[in-house]
Amino acid sequence: SVGSVIQNPNTYAKADAITIRDSLDGGNPAPGGPPTTASLYPSKVAVPSSFTAPVTGVTVKLKGLSHQFSSDVDIVLVSPTGKKVKLMSDSGFTSVQNVDLTFSDAASNFLPAESFADPIVTGSYKPSDFGVGADTVPSVDMTTGVITTLSGFNGDSPIGDWSLYIVDDSSGGNGSL
C-alpha cells in the first residue's frame, strides 16, 4: 500500500493496494519500450485547503513493496506545484518481498545501485536515482521541475494533490505495493 506524504505534524495517507505490472503486460515487445504504469496511476493524496502553512519537510513511506526485479521500478512524487522527485529509479536488482521504504533527506544512505550484490531491504533512504538520462514516466514531464531532494519542496504550498507515479520500465516481473 502507499504509505504517507507527511507534513510535520500532519500526516496524509492513502492505503490503496497497487499492482506494478511488468512492462510486457503493457504490450511492449521488448525492453527499452515505453514503461507500463501501475494499476493506480497516479496514486493521489489530497492536502486540504485548510492547511495553510508552507512545506517544511516531506517524508514518504511506502509499505509492502514487492517485485521480481526491483531495478524495473521507477517511483516519482509530484507536488501540487508540479515539482517532482524520483524516489527510486534503477535501484537494486534482485527480488524484493514486502519491504517498507521510508524516503527522507535525513536518511543516512541511498538505496543500493542496480546490482546483484546489494538487495533492497526495509529501511530509510534518501531519494535514489541511478538511471542514465531521463526516465520515461507517462503523463509526467521529466524535463522540467525535477528536484533531487525532498527538501526541494520546502517553502511551497502543500495544498492540493500529491501524486505518486509508479512504472515498470523493463520486462521480467510484476510487483505490488
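Heavy atoms only: backbone and side chains are in, while hydrogens, waters and symmetry mates are out.
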Looking at [X] and [Y], what are the two nearest heavy atoms and their distance?
X: Thr59; Y: Thr102; result: CG2-CG2, 3.5 Å
X: Pro35; Y: Pro138; result: CG-CD, 3.8 Å
X: Ser79; Y: Trp162; result: CB-CZ3, 3.5 Å
X: Gly160; Y: Pro80; result: C-CG, 3.7 Å

Heavy-atom side-chain proximity of [X] to [Y] below 4.5 angstrom:
X: Val78; Y: Pro42; result: no
X: Pro127; Y: Leu150; result: yes
X: Asp90; Y: Asp169; result: yes
X: Ile75; Y: Leu62; result: yes
X: Leu101; Y: Lys61; result: no

Short N-O contact, Asp156 and Lys83, less than 4.0 angstrom: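 The answer is yes: the pair qualifies as a salt bridge.
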Donor-acceptor contact present, side-chain [X] to main-chain [Y], <3.5 Å:
X: Lys84; Y: Asp141; result: yes
X: Ser39; Y: Thr19; result: yes
X: Lys86; Y: Leu77; result: no
X: Ser91; Y: Ser71; result: no
X: Gln97; Y: Ser66; result: no
X: Ser128; Y: Lys126; result: yes
X: Ser70; Y: Phe93; result: yes

Atom [atom1] of [X] and atom [atom2] of [Y]: how far apart are they, to the nearest 0.5 Å?
X: Ile159; Y: Thr81; atom1: CD1; atom2: OG1; answer: 12.0 Å
X: Ile20; Y: Phe69; atom1: CD1; atom2: CZ; answer: 14.0 Å
X: Thr122; Y: Asn98; atom1: OG1; atom2: CG; answer: 7.0 Å
X: Thr94; Y: Ile120; atom1: OG1; atom2: CD1; answer: 7.5 Å
X: Leu164; Y: Leu87; atom1: CG; atom2: CG; answer: 6.5 Å
X: Ile18; Y: Ser176; atom1: CD1; atom2: OG; answer: 9.5 Å

Mutual orientation of the aromatic rings belonging to Tyr125 and Phe103 [parallel < 30°, tilted 30-60°, perpendicular > 60°]: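 Ring orientation of Tyr125 relative to Phe103: tilted.
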Residue of the set Asp72, Asp168, Asn174 for which side chain to side chain donor-acceptor pair (under 3.5 Å) holds with His67: Asp168
Check against side-chain contact (heavy atoms from CB on, under 4.5 Å), Met88 and Asp129: CA-CA 6 Å; Met88 174 177 173; Asp129 175 19; over 6 Å; no
Derivation of the side-chain contact (heavy atoms from CB on, under 4.5 Å) call for Tyr165 and Thr37: CA-CA 8 Å; Tyr165 292 84; Thr37 59; over 6 Å; no
Chi angles and distances behind the side-chain contact (heavy atoms from CB on, under 4.5 Å) call for Val58, Asp105: CA-CA 8 Å; Val58 174; Asp105 289 346; over 6 Å; no
Evaluation steps, side-chain contact (heavy atoms from CB on, under 4.5 Å), between Tyr41 and Thr36: CA-CA 10 Å; Tyr41 191 84; Thr36 299; over 6 Å; no
Check the side chains of [Y] and [X] for a donor-acceptor pair under 3.5 angstrom, ignoring hydrogens and angles.
X: Asp161; Y: Ser163; result: no
X: Ser89; Y: Asp74; result: yes
X: Ser151; Y: Thr149; result: yes

